[in-house]
2 protein chains.
Amino acid sequence: MARLSDVIEEFIKSLLKESEGQLELQRNELADFFECAPSQINYVLATRFTLNHGYYIESRRGGGGYIRIVRLDVDRNDYLHYLLTEGIGNRISEQKAMQIIDRMKEQEYISEKAAYLLKAAISDKAIGIPANLKDNIRANILKSLITAIMAYDSKKP
Amino acid sequence: MARLSDVIEEFIKSLLKESEGQLELQRNELADFFECAPSQINYVLATRFTLNHGYYIESRRGGGGYIRIVRLDVDRNDYLHYLLTEGIGNRISEQKAMQIIDRMKEQEYISEKAAYLLKAAISDKAIGIPANLKDNIRANILKSLITAIMAYDSKKP
DNA sequence: TATTAATAAAGGTCAAAGAAAGTCAAAAAT
DNA sequence: ATTTTTGACTTTCTTTGACCTTTATTAATA
């Protein structure tokens, strides 16, 4: 019962791989192919191919319309610097933080394992109630981290 | 008559045995199967599949949602298990946390790089003033992390 | 022929419905 | 008194569909 949106996401990513990070597609065609509502394509794009995820999207309506998806292969230091100075700011939601880690993994700044650990480290679950005590928070983070290491290791064979 | 929660517990454990310590299940499906309230599944998980019991749980809501249960390899990861159940507790100083990470690296649970990153993640500097806001804290952690990646990479050739 | 109007062919938006899982506290059982 | 069971309510994520806007093509008109 895999989510259709995930399937579509993977499909697009594989197309992107074949075509060197850039592709044009027909929304209706794709929707036909997956037998879904055309707007589901928009949903997939909106939730999995945002700027945060490292993709840029252009489109055109009318006859001969298209949707162009471009994977941004930004220079690594530029990207990191951008994150530090603008991208993150003073507060960041769990969701966005996860997206950033995902992207860092996809761009191979960090290993899959590190990504997994770091996600665990910054998850809401890990940070817990904003109890006023630093040491408290850190303890939570650490525990979550260790759990993650164990889970990771007994996960993929 | 055996308590239903116990039956469900055993059922899940037998599933885990068949699937090598890892499985995904549908909460409602399981509840249907046992003709109980869905929240009873949560109850079973919360009381019998906790970290202390050696299990790790991830889940996702919405269409195609799931609950994933991972049995942690407690025996093989003696040290980690000790940390989780006794070693860390509710609060931990920066110093001790760092020592733990060092040791995890030495025991090769994590790579040198990961260790470096994680230290950054849980440092006093990263967690900052215990501003009452979770997102705040997380943002700090993330930034610190990114700095760490950059530092790490421009350090060792 | 050049301009304008109609039609078709895309893609966009948004909100409602659906499909999970989470929470919490009251009631029941032990 | 403690543990278990139940259920009402909440939150998150996905899917669907009705309606809207933009662009291209074709038909009609001046």
Side-chain angles (χ1 to χ4, degrees), chain A residues 1-12 15 23-53 55-70 92-99 102 119 123-129 144, chain B residues 1-12 15 23-53 55-70 134-135:
Chain A
M1 241 167 289
R3 285 176 228 77
L4 181 54
S5 286
D6 288 345
V7 177
I8 297 176
E9 176 189 357
E10 282 317 307
F11 183 73
I12 292 177
L15 288 185
L23 83 106
E24 252 168 50
L25 54 82
Q26 227 79 29
R27 186 180 76 151
N28 289 342
E29 212 174 74
L30 197 56
D32 263 11
F33 182 69
F34 285 107
E35 288 171 319
C36 65
S39 52
Q40 182 149 15
I41 307 302
N42 296 87
Y43 176 73
V44 172
L45 296 178
T47 55
R48 292 139 158 95
F49 292 89
T50 68
L51 272 183
N52 256 347
H53 289 102
Y55 298 90
Y56 178 66
I57 291 178
E58 283 176 324
S59 66
R60 235 189 130 163
R61 307 185 188 189
Y66 59 84
I67 296 179
R68 174 183 301 141
I69 305 172
V70 183
I92 188 170
S93 72
E94 184 184 47
Q95 233 196 5
K96 283 208 170 166
M98 297 295 176
Q99 284 171 16
D102 272 335
K119 278 190 189 180
S123 71
D124 268 341
K125 217 166 148 194
I127 294 178
I129 315 145
S144 169
Chain B
M1 212 233 338
R3 282 192 235 61
L4 181 54
S5 284
D6 290 339
V7 178
I8 296 176
E9 177 189 358
E10 282 317 308
F11 183 74
I12 292 177
L15 286 186
L23 83 105
E24 249 169 52
L25 55 83
Q26 227 81 29
R27 187 181 76 151
N28 288 344
E29 214 173 73
L30 197 57
D32 263 10
F33 183 70
F34 285 106
E35 288 170 319
C36 65
S39 53
Q40 181 149 14
I41 307 302
N42 295 88
Y43 176 73
V44 172
L45 295 178
T47 55
R48 292 143 158 94
F49 292 88
T50 68
L51 280 183
N52 282 344
H53 289 106
Y55 297 89
Y56 181 66
I57 291 178
E58 289 174 324
S59 66
R60 220 182 140 166
R61 306 187 190 188
Y66 60 83
I67 297 178
R68 174 182 302 137
I69 305 171
V70 183
K134 230 188 318 192
D135 287 2

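Just the heavy atoms: all of them, side chains too, but no hydrogens, waters or symmetry mates, feed the values below.
- We find that OH of B:Tyr43 is positioned 16 Å from P of C:dC24, with the value rounded to whole Å.
- Checking A:Asp6 against B:Gln40, the closest nucleotide of DNA chain D that is more toward the 5' end is the one next to B:Gln40.
- D:dT14 atom P lies 14 Å from atom CD of B:Gln26, rounded to whole Å.
- Across the protein-nucleic acid pair, A:Asn28 atom CG and C:dA8 atom P stand 16 Å apart, rounded to whole Å.
- Taking only side-chain atoms of B:Ala37, from C-beta outward, the nucleotide of D:dT6, D:dT15, D:dT4 with the closest atom is D:dT6.
- Per the geometry, OH belonging to B:Tyr66 stands 14 Å off C1' belonging to D:dT14, to the nearest Å.
- At D:dT14, one or more side-chain N or O atoms of B:Arg60 fall inside 4.0 Å of OP1 or OP2 (strictly under the cut-off).
- One N or O donor and one acceptor, one from the side chain of A:Arg61 and one from the base of D:dT21, sit under 3.5 Å apart.
- Regarding B:Asp32, its CG atom lies at a distance of 11 Å from the P atom of C:dA21, rounded to whole Å.
- Atom CG in B:Leu4 sits about 18 Å away from atom P in C:dA28, given to the nearest Å.
- For C:dG22, the OP1/OP2 oxygens have a side-chain nitrogen or oxygen of B:Asn42 closer than 4.0 Å.
- Contact annotation: B:Ser39 does not reach the phosphate of C:dG22 (side-chain N/O to OP1 or OP2, under 4.0 Å).
- A straight line from CG of A:Leu30 to P of D:dT15 spans 13 Å, rounded to a whole angstrom.
- More than 12 heavy-atom neighbours from other residues, nucleotides or ligands sit within 6.0 angstrom of CD on A:Glu58.
- Residues B:Phe33 and B:Phe11 place their aromatic rings such that the two centres sit under 6.0 Å apart.
- Side-chain proximity of A:Cys36 to D:dT16, C:dA20, D:dT3: nearest is D:dT16.
- Listed nucleotides D:dG7, D:dT5, C:dA21 differ in distance to B:Arg27; the shortest reach to its side chain belongs to C:dA21.
- Of the N and O atoms on the side chains of A:Ser5 and A:Gln40, at least one donor lies less than 3.5 Å from an acceptor on the other residue.
- For the pair B:Ile69 and B:Glu24, the minimum side-chain heavy-atom distance is 4.5 Å or more.
- The residue B:Gly63 sits close to a base: some heavy atom pair falls under 4.0 Å.
- Applying the 4.0 Å criterion to OP1 and OP2 of D:dT14, one finds that A:Arg48 has a side-chain N or O inside that range.
- In this structure, the side chains of A:Cys36 and A:Leu4 come closer than 4.5 Å at one or more pairs of heavy atoms.
- As judged by a 4.0 angstrom heavy-atom cut-off over every strand, A:Gly65 is placed among residues touching the sugar-phosphate backbone only.
- Checking the phosphate oxygens (OP1, OP2) of C:dA21, no side-chain nitrogen or oxygen of B:Arg68 falls inside 4.0 Å.
- Across the protein-nucleic acid pair, A:Glu94 atom CD and D:dT12 atom P stand 10 Å apart, rounded to whole Å.
- Here A:Ile67 lies in heavy-atom contact (under 4.0 Å) with sugar-phosphate atoms only.
- Using a 4.5 Å cut-off on side-chain heavy atoms (C-beta onward), B:Arg68 and B:Ile57 make no contact.
- Side chain B:Ser59 to base C:dG22: no donor-acceptor pair is found below 3.5 Å.
- Contacts of B:Leu25 with the nucleic acid, taken as non-hydrogen atoms under 4.0 Å apart, involve only primed sugar atoms and P, OP1 or OP2.
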